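Working notes, structure below.
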2 protein chains.
Amino acid sequence: MNNIQSYILEHKNRFLNELIELLKIPSISADSAYSPDVLKTAKAIKTSLEKAGCDAVEICKTDGYPIVYGEKIIDKTLPTVLVYGHYDVQPPDPIDLWDSPPFEPVIKKTDKHPEGAIYARGACDDKGQMYMHVKAMEFMTSTNQLPCNVKFMIEGEEEVGSANLATFVKNNQEKLKNDVILISDTGMIANDVPSITTGLRGLSYVEVEVTGPNRDLHSGLYGGAVANPINILTKMIASLHDENNHITIPGFYDNVEELSKEERAEMAKAPFSLEHYKKALDIGAVYGEKGYLTNERNSIRPTLDVNGIWGGYTGEGAKTVIASKAYAKISMRLVPNQDWENITKLFKDHFESIAPEAVKVKVLPHHGGQGYVTPIDSLGYKAASKAYQDTFGKTPIPQRSGGSIPIVSLFEQELKSKTILMGFGLDSDAIHSPNEHFGIWNYLKGIETIPLFYKYFTALSQ
Amino acid sequence: MNNIQSYILEHKNRFLNELIELLKIPSISADSAYSPDVLKTAKAIKTSLEKAGCDAVEICKTDGYPIVYGEKIIDKTLPTVLVYGHYDVQPPDPIDLWDSPPFEPVIKKTDKHPEGAIYARGACDDKGQMYMHVKAMEFMTSTNQLPCNVKFMIEGEEEVGSANLATFVKNNQEKLKNDVILISDTGMIANDVPSITTGLRGLSYVEVEVTGPNRDLHSGLYGGAVANPINILTKMIASLHDENNHITIPGFYDNVEELSKEERAEMAKAPFSLEHYKKALDIGAVYGEKGYLTNERNSIRPTLDVNGIWGGYTGEGAKTVIASKAYAKISMRLVPNQDWENITKLFKDHFESIAPEAVKVKVLPHHGGQGYVTPIDSLGYKAASKAYQDTFGKTPIPQRSGGSIPIVSLFEQELKSKTILMGFGLDSDAIHSPNEHFGIWNYLKGIETIPLFYKYFTALSQ
């Protein structure tokens, strides 16, 4: 690819401003109050794909939020890259922990981002990383260097489980036909330690409700004689881990992939400082499953985390009440070979079975997805690796991520092609947290690296 | 006392309407947003005491909400009754469970209240029961039948721990000097089973905060490797009870009063149907400390209940986050001889000691108070018993209540006089719950019974 760096330099400010405009729209898919903003974002994506040179750009209706599709078919005999990304974002709360409003992007310099980072919900996950592909596409089309066919599929429900994407993919196999799927919705180890994600964890997300008495009760008149649903819920949740932090749900580990000594030794080579890790999170100690290292606990091992809990009086002051109901949102990260629907059933059966007779329990499955592993000897991985070598001057490290992109395994199953996860964000970018940000250097480096993937993938495919 | 029944009959509607007006003011002391309403209620109480014939009525400033004082001294050689009550109310939430707005009183007939009940926050606790004394006072003064001296002390912080009442009492011992303290802020067994509360539980109310990482984290990238403060909080709370539902805090039971076989046998005589109890609460089973009956668990045994818990994402949909912080409000009901400040310290020390190194824990004591037992051979108890015999045609049953009125033990300590707890509410009146109500029959029966207490207490004191 010629003069990509000069093109980026020339258009840098516009690339930033376009992303900033996109980040101003609060496309929170989890909260129906923001529905108009999510739809507005879909329209904005459509426009940006058209400007980038895509043909046949359309907003495809689903039973939920629409999927934006666009393509550029230059020669049916050439390979086709399918780019996937999402335009919805996580809710910003706790809002009061943001240093600047989540949907009023600001640029600030940090130690990790001396050239500045854009602070806004979605800056990294995934508007910023998705938009790198749109700008890379613009470069290739406007300079007539697009080496192969491209298809874009940008959805608006990734943060709530991509419920309708599955149907869309199943019903549009011909339209989505491709040779490789390219996604930037993960991270890399550091700006000077490029890495490519080769594994993702699966997910099972449930909500539980524990009901005690049929109304809130005075804790003096009834306290001690009636099951308090909050006390019971804490007992039930606490029992889901044993003293070694193994998950106690029967059958939970049955299909868990056990890595070999060699594989674990290979993983341990990735640069990691426990001291820096603890310092960055301001924690006195790490905590997790006995017998595994931190970088194993958060990648190759399944987890069970309470993502939210509520019940009783949570306002100012004191209220001496025994609540009628208590609730929790619980998610389990799964590893390859664990079937998320089976795990969800195991959780439901177990959680209901441990409820004392004094309460009623409901388990509501939210969503989930399978884990995924990609081989490092595929054409796609090799092309990505060469692209990074050109732009970072280093061979990227293959890395398992603890995160989940549930639809990746669906893509392989339905579209029969492998996914390459070229992520340019950093763990410290605080995705899903207050003060999410994305480095300007990373944003531009992504735009620079992506066209090279196209070049090498096309060449390797000949 | 002459023609009290005819007086009540004549003024019944006014008595109801005056209470309804009082109930319309949302005097929620726990929520500072309602501060103007709490103060407005104090003024309304002042006016009502003046109309009832009190002299020297004043709104006494404190560091919190004011205390309304009024008195009628007819003869210093006669005994003096000090009436205590409170004009503040519990927060109404969960608001959506009310069948009618909590501060728009409505009258509805129920099985237990065939003559109708007033539905509103504070109807029973304590505006309705406190106002019975104001109307009883009105009867005695307007018919020139007041047999002794009366002092009223109505506070506005009972539902938040009466923090400033203690100082007021300590600083006004002469002004508050009395021979017996009369309070209607408890209940009775049933309209045809009158009872007088002879025991109250103490209280220690704390709030706990568990902090994990310094910011909310992505549960995929960090899940399994970092202590999740919600998971930890559930483990810590669950550990506060053992498998027999004994509280595990070291030293917690050291001073707990153990009742004799005889006393427990006496208690067991109070009419109680486990089937009705479970049916009324729609629970499959009762739940509590091994070795004790339901009516013991909620009266003579201490408890530990979570009154509220919150942390992480509690909104619509799903958010895959590990929260930075998790919180709970926890109250312990105490029995006579347990010192609430000591118990609070035992809780704090224990809770902090069981926190794993991976989290930070804060324990914030809210408020508390001592338990109380009143002897049934006192003049006050005898006078109350005779009054009930006249109006109910039955001897009232002495009963221990599980509730707490922390300042009762303070009164005894500072003012050296016993408190008589003449409560006319029912357990089913749902105080502290949605749809709190107070039977019109009970309201009027209280107004009828109170003057007789004055009569017999004066007579017995001669």
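In this text, all values refer to a predicted model and were calculated from it rather than measured experimentally. Protein chains get the first letters and strands the later ones, always in sequence-line order, with residue 1 at the start of each. Values reported hereafter were calculated over all heavy atoms of this structure, with side chains retained and with hydrogens, waters and symmetry mates removed.
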Chain B shares the most heavy-atom pairs under 4.5 Å, among D282(A), I431(A), V306(A), with V306(A)
Turns out that what part of A227(B) lies under 4.5 Å from chain A's heavy atoms comes down to both
Check whether any side-chain N or O of K319(B) sits under 3.5 Å from a backbone N or O of G308(A) as a donor-acceptor pair, and report yes or no.
no
Under 4.5 Å from a heavy atom of chain B, the part of Y292(A) involved
neither
At a heavy-atom separation under 4.5 Å, does I232(B) approach chain A through its side chain, its backbone, both, or neither?
side chain
Contacting moiety of P302(A), where chain B heavy atoms sit under 4.5 Å
neither
Gap separating the CG atom of N298(A) from the OG atom of S219(B), nearest 0.5 angstrom:
11.5 Å
If I measure from the heavy atoms of chain B, does R201(A) come under 4.5 Å with its side chain, its backbone, both, or neither?
side chain
Contacting moiety of E357(A), where chain B heavy atoms sit under 4.5 Å:
both
Is there side-chain contact between Y287(B) and V226(A), with at least one heavy-atom pair below 4.5 Å?
no
Check whether any side-chain N or O of K235(B) sits under 3.5 Å from a backbone N or O of K235(A) as a donor-acceptor pair, and report yes or no.
no
Mind checking whether Y205(A) and T320(B) have side chains closer than 4.5 Å, heavy atoms only?
yes
Any donor-acceptor pair under 3.5 Å from D216(A) side chain to S433(B) backbone
no
On a heavy-atom basis, which atom in T314(B) and which in I309(A) lie closest, and how many Å separate them?
CG2-O, 3.6 Å
